[in-house]
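Notes for the one structure printed next.
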Amino acid sequence: MHHEIMSGIMGGKIYMAPLEHPARILDIGTGTGIWAIDMADRFPDAEVIGTDLSPIQPSWIPPNCKFEVDDAETDWTYPSDSFDLIQPERLPSRCCTKPGGYCELAELGIDLFSDDNTIGPNFAEWVALLCEALKKMNRPQATAEALKQHLEEAGFVDVEVVTEKQPFGLWPKEKHMKTVGVMVMLNAEAGAEAYIWNGTVYYGSWNGG
């Protein structure tokens, strides 16, 4: 569902790098593999590799796509200058893109915004507790400034930041954004309990009351 949400926010796009004829693409933390499969369909002459700790990807895939079980936080098996585009679930410790290649991060911020100041107090409290817990876990939320800095420290140049609005719920007037808002709400409902218990109960100040 996250793949469909991001695609909806970006107007149907699944990547933003100005790719022309990529030869190799790497999707780190591929999950169900849907992004890698879509990229393999769009670039049939490219080799697309998706890696993840869990082998949950489908077997019916494009011939130019393959999946590997790999831990991105251990030593990499790929040499430098291997890929035209990498999309990591989180920023890797080292770069394996070719000269002129791209690393594309798609992250969600936790900060809440409202066009009409109607953020519910319970939701606002939940987000504040989660942010507090993330700091105590030494895993602060992703921000555009921090991600840009990390990419530049990894050696990337001409780093471009694109910020989009992600709706939560049915409030958007545009039909496609309303659909995105519904998916975001369903996605949040499915993971909210896990986030609140694992993050705030063990690391934060919330006691479950």
Side-chain angles (χ1 to χ4, degrees), residues 1-20 22 25 27-44 46 48 50 56-58 61-62 65 85-91 102-131 134 140-151 156 158-196 199:
M1 189 179 296
H2 179 68
H3 174 74
E4 296 299 327
I5 290 170
M6 297 302 295
S7 177
I9 291 173
M10 297 192 300
K13 297 179 180 179
I14 61 172
Y15 67 94
M16 301 194 75
L19 300 176
E20 293 185 0
I25 298 171
D27 183 22
I28 305 172
T30 192
T32 63
I34 187 171
W35 186 86
I37 292 171
D38 280 358
M39 290 296 284
D41 285 335
R42 297 191 184 204
F43 297 100
V48 182
I56 60 172
Q57 300 77 34
I61 57 177
C65 180
L85 172 68
I86 61 173
Q87 178 180 263
E89 182 69 19
R90 65 179 61 179
L91 190 65
Y102 298 89
C103 175
E104 190 164 290
L105 300 172
E107 294 285 352
L108 298 176
I110 304 179
D111 295 325
L112 297 177
F113 301 93
S114 174
D115 292 343
D116 57 3
N117 298 315
T118 56
I119 297 175
N122 291 336
F123 190 26
E125 181 184 10
W126 183 89
V127 170
L129 289 170
L130 183 57
C131 289
L134 289 172
Q141 64 164 308
T143 64
E145 294 78 12
L147 294 176
K148 183 175 187 294
Q149 179 182 342
H150 291 328
L151 285 170
F156 288 92
D158 300 326
V159 178
E160 181 179 352
V161 176
V162 178
T163 302
E164 300 285 354
K165 179 187 294 185
Q166 178 181 266
F168 193 103
L170 291 164
W171 61 264
K173 294 181 179 179
E174 300 89 347
K175 182 177 179 180
H176 82 281
M177 291 302 283
K178 190 183 293 290
T179 301
V180 169
V182 171
M183 289 192 292
V184 171
M185 185 169 59
L186 292 174
N187 206 32
E189 286 180 347
E193 184 175 357
Y195 276 117
I196 201 71

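Enclosure of atom CD in E164 by more than 12 non-hydrogen atoms of other residues, nucleotides or ligands within 6.0 angstrom is indicated. Shown here is E20, whose CD atom has no more than 12 heavy atoms of other residues, nucleotides or ligands within 6.0 Å. Heavy-atom neighbours of D116 CG from other residues, nucleotides or ligands within 6.0 Å: above the threshold of 12.
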Can you check side-chain contact (heavy atoms from CB on, under 4.5 Å) on L134 and I110, steps first, answer last? CA-CA 11 Å; L134 289 172; I110 304 179; 3.3 Å; yes
Test ring pair (Phe, Tyr, Trp, His ring centres under 6.0 Å) on Y102 and F156 and set out the steps. CA-CA 8 Å; Y102 298 89; F156 288 92; 8.8 Å; no
One pair to check against side-chain contact (heavy atoms from CB on, under 4.5 Å): E4 and I34. What are the steps and the verdict? CA-CA 10 Å; E4 296 299 327; I34 187 171; 4.1 Å; yes
Given the rule in the side-chain contact (heavy atoms from CB on, under 4.5 Å) test, do D115 and W171 qualify, once you have shown the distances and angles that lead to the verdict? CA-CA 10 Å; D115 292 343; W171 61 264; 3.8 Å; yes
Between I14 and R42, does the side-chain contact (heavy atoms from CB on, under 4.5 Å) criterion hold? Intermediate values first, please. CA-CA 10 Å; I14 61 172; R42 297 191 184 204; 3.6 Å; yes
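Taken from NE2 in H3 to OG1 in T30, the straight-line distance is 10.0 Å, to the nearest 0.5 Å. Here NE2 of H2 is found 5.0 Å from CG of L108. Values are rounded to the nearest 0.5 Å. Considering CE of M39 and CD1 of I25, their distance stands at 4.0 Å, rounded to 0.5 Å. Going from atom CG of D27 over to atom CD of Q57 covers 9.5 Å, rounded to the nearest 0.5 Å. Here the CG-CD1 distance, from L112 to I119, works out to 5.0 Å after rounding to the nearest 0.5 Å. Note that CD of Q141 is 4.5 Å distant from SG of C131, once rounded to the nearest 0.5 Å.
Residues A40 and C65 come closest through the heavy atom pair CB-CB, 3.7 Å.
Residues Y15 and F43 bring their aromatic ring centres within 6.0 Å.
One N or O on the side chain of E104 and one on the backbone of A17 form a donor-acceptor pair closer than 3.5 Å. A distance-only check finds no donor-acceptor pair linking the side chain of T118 to the backbone of S114 [under 3.5 Å].
For the pair V180 and P172, the minimum side-chain heavy-atom distance is 4.5 Å or more. The side-chain heavy atoms of P44 and P62, taken from C-beta on, include no pair separated by under 4.5 Å. For the pair L147 and V159, the minimum side-chain heavy-atom distance is 4.5 Å or more. Residues I86 and C103 form a side-chain contact, since some pair of their non-hydrogen atoms from C-beta on lies under 4.5 Å apart. Counting heavy atoms from C-beta on, the side chains of M16 and V162 come closer than 4.5 Å.
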